[in-house]
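Single-structure report; data block below.
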There are 2 protein chains.
Amino acid sequence: MPKIVDHHKQKEKLAEAAWRVILREGMERASVRNIAEEAGLSAGSLRHYFSTQSELLAFSMEMVSVRVKERIRGLPFTGEPIADAQLLLWELLPIDEERRAEMAVWLAFTAKALSDPLLQPLKDEIYAEMKLGMVSVIEELFNRYHSTASKEERALEAERLYALLDGLAIHSIMKPAEVDAGVMKSVIKQHINSICRNDPAAGG
Amino acid sequence: MPKIVDHHKQKEKLAEAAWRVILREGMERASVRNIAEEAGLSAGSLRHYFSTQSELLAFSMEMVSVRVKERIRGLPFTGEPIADAQLLLWELLPIDEERRAEMAVWLAFTAKALSDPLLQPLKDEIYAEMKLGMVSVIEELFNRYHSTASKEERALEAERLYALLDGLAIHSIMKPAEVDAGVMKSVIKQHINSICRNDPAAGG
DNA sequence: TTTAATTTAGCACAACTGTATTAAAACATC
DNA sequence: GATGTTTTAATACAGTTGTGCTAAATTAAA
């Protein structure tokens, strides 16, 4: 009896429209009407899928993280700590236009999450997941190249790596010409190299 | 003849009110009316000092950078590279409540600058100044502890240090409990130590 | 074709936005 | 105290915001 429309597909379409608006005009222009128009729908239709603006934005933010996680799951990890670390870290940096856009949108969401209670849980969740990822990267590297390191030193190194990663990403968003893919990759290589300095074969 | 009101003092008062609103309710609530009310003025009076909202925000953003620069100028530098580096880097991190608030406001401005043309020049200017600061820190450290490093390596190290600094600051704003002053200081020490690893006396 | 469920469009509403204009209030000089 | 300039306050306006509600369009099943 009903008109069949893939509910979830429509929500994804709206979330992607939200990304484009945020990317092009900033978060303050991400109104219900603007996003609906970007998606080619009326504001009334949008409201049929998301009853509030916050719901839409939360879904849109979550979709970014889901996409990134899917890509990470598909990475061809080898088991070699340094190669795997580079593979993961590069995936988390804005090294091409698609990832640049993604990261810019993510940044806008994160900034909004600082004052929007509805976005905070997801922000915290992602922070925790990222931190876990960094911890496991450091564990892999240290177990192979720096096994004498203490537990505290490893925790510190994980936070250092995570901060470096986010700092690089933000700088690349702010100054794409100065901090391009080459610079970011070099810095990451340098960092991994300096962590694994006990092994002369490390880095490259 | 005229009522004498310190024009500049009033502008500073409004800029500080803007900080408080942004900190408490986020950038999207930083309307002319809200800021005026926070400062205890009417919106009409505010407009007498800033004819547009962008002007007010730009001034408010600039005031953050001026304050930070003033504090840096007043730092008791000693001439010893490691001590001076720590002194400068800690000053640029949100290590206490005042600096935390300042950094949160700065972050909000930076995020807005990505889509607001009026704020971009200042954002770029500060980025360049910070980068220069990082370059000079690295130069000092390398000239003393790692003088064999190439020009390229030094440039890379400057970007690495800057990214680490901003990443730490953002993480501390996002998760104050996890990334507190102690963690930030330890990470910075660890980083300086790893840069100056040629000298056994380095770090501490 | 009729029926019924679902999606869509459009308008209404109150609140808020930036900006402009205008009149009142405040006060240093004469 | 009167004068004249600056600061302040208040209002107006057009546009946008989020959200609620209603009616029309669409379409699978009977």
- Message: I need the CG-P distance between A:Asp116 and D:dG18, as an integer number of Å.
- Response: 12 Å

- Which of C:dT17, C:dT19, D:dT8 is nearest the side chain of B:Ser42? It is D:dT8

- Message: In whole Å, I'd like the distance from the CG atom of A:Leu41 to the P atom of D:dA24.
- Response: 20 Å

- Message: Rounding to an integer number of Å, can you tell me how far A:Met27 CE sits from D:dT16 P?
- Response: 20 Å

- Query: To the side chain of B:His7, which of D:dA9, D:dT7, C:dA9 is closest?
  - Reply: D:dT7

- Could you work out which one of D:dG20, D:dT7, C:dG18 sits closest to the side chain of B:Ser31? C:dG18

- Task: Quick one: do A:Glu159 and A:Arg154 satisfy salt bridge (Lys or Arg N to Asp or Glu O under 4.0 Å)? Show the steps, please.
- Result: CA-CA 9 Å; A:Glu159 178 53 43; A:Arg154 289 166 193 234; over 6 Å; no

- Message: Check the orientation of A:Phe59 and A:Phe50. Use parallel for under 30°, tilted for 30 to 60°, and perpendicular for over 60°.
- Response: tilted

- Item | Rounded distance in Å - CZ (A:Arg33) to P (C:dC11) | 12 Å

- Query: Under 30°, 30 to 60°, or over 60°: which ring-plane class applies to A:Tyr162 and A:Tyr127, parallel, tilted or perpendicular?
  - Reply: tilted

- Out of D:dT17, C:dT7, C:dG18, which nucleotide sits closest to the side chain of A:His48? C:dT7

- Among the nucleotides D:dT8, C:dT19, C:dC13, whichever has the atom closest to the side chain of B:Tyr49 is D:dT8

- Task: Quickly work out the B:Phe50 CZ to D:dT7 P distance and round it to whole Å.
- Result: 13 Å

- Message: I want to verify a distance call: between D:dA9, C:dA20, C:dG18, whose nearest atom is closest to the B:Arg47 side chain?
- Response: C:dA20

- Could you state the atom-to-atom distance from CG of B:Leu46 to P of D:dT8 in whole Å? 11 Å

- Rounded interatomic separation in angstrom, taking CD from B:Glu37 and P from D:dT8: 17 Å

- Under 3.5 Å, side chain of A:Ser45 to main-chain N/O of A:Leu41, donor-acceptor pair present? no

- Task: Side chain of A:Gln53 only, please: which of C:dT19, D:dT19, C:dA9 is the nearest?
- Result: D:dT19

- Comparing nearest nucleotides in DNA chain D, the 5'-proximal residue of the pair B:Gly40, A:Val32 is B:Gly40

- Task: Indicate whether OP1 or OP2 belonging to D:dT7 is found under 4.0 Å from a side-chain N or O atom of B:Ser45.
- Result: no

- Query: Below 4.0 angstrom from OP1 or OP2 of D:dT17, is there any side-chain N or O of A:Asn34?
  - Reply: yes

- Message: Tell me if a side-chain donor or acceptor on B:Ser172 pairs with a main-chain N or O of B:Val179 at a distance below 3.5 Å.
- Response: yes

- Query: Tell me: CD of A:Glu28 to P of D:dT17, nearest whole Å?
  - Reply: 11 Å

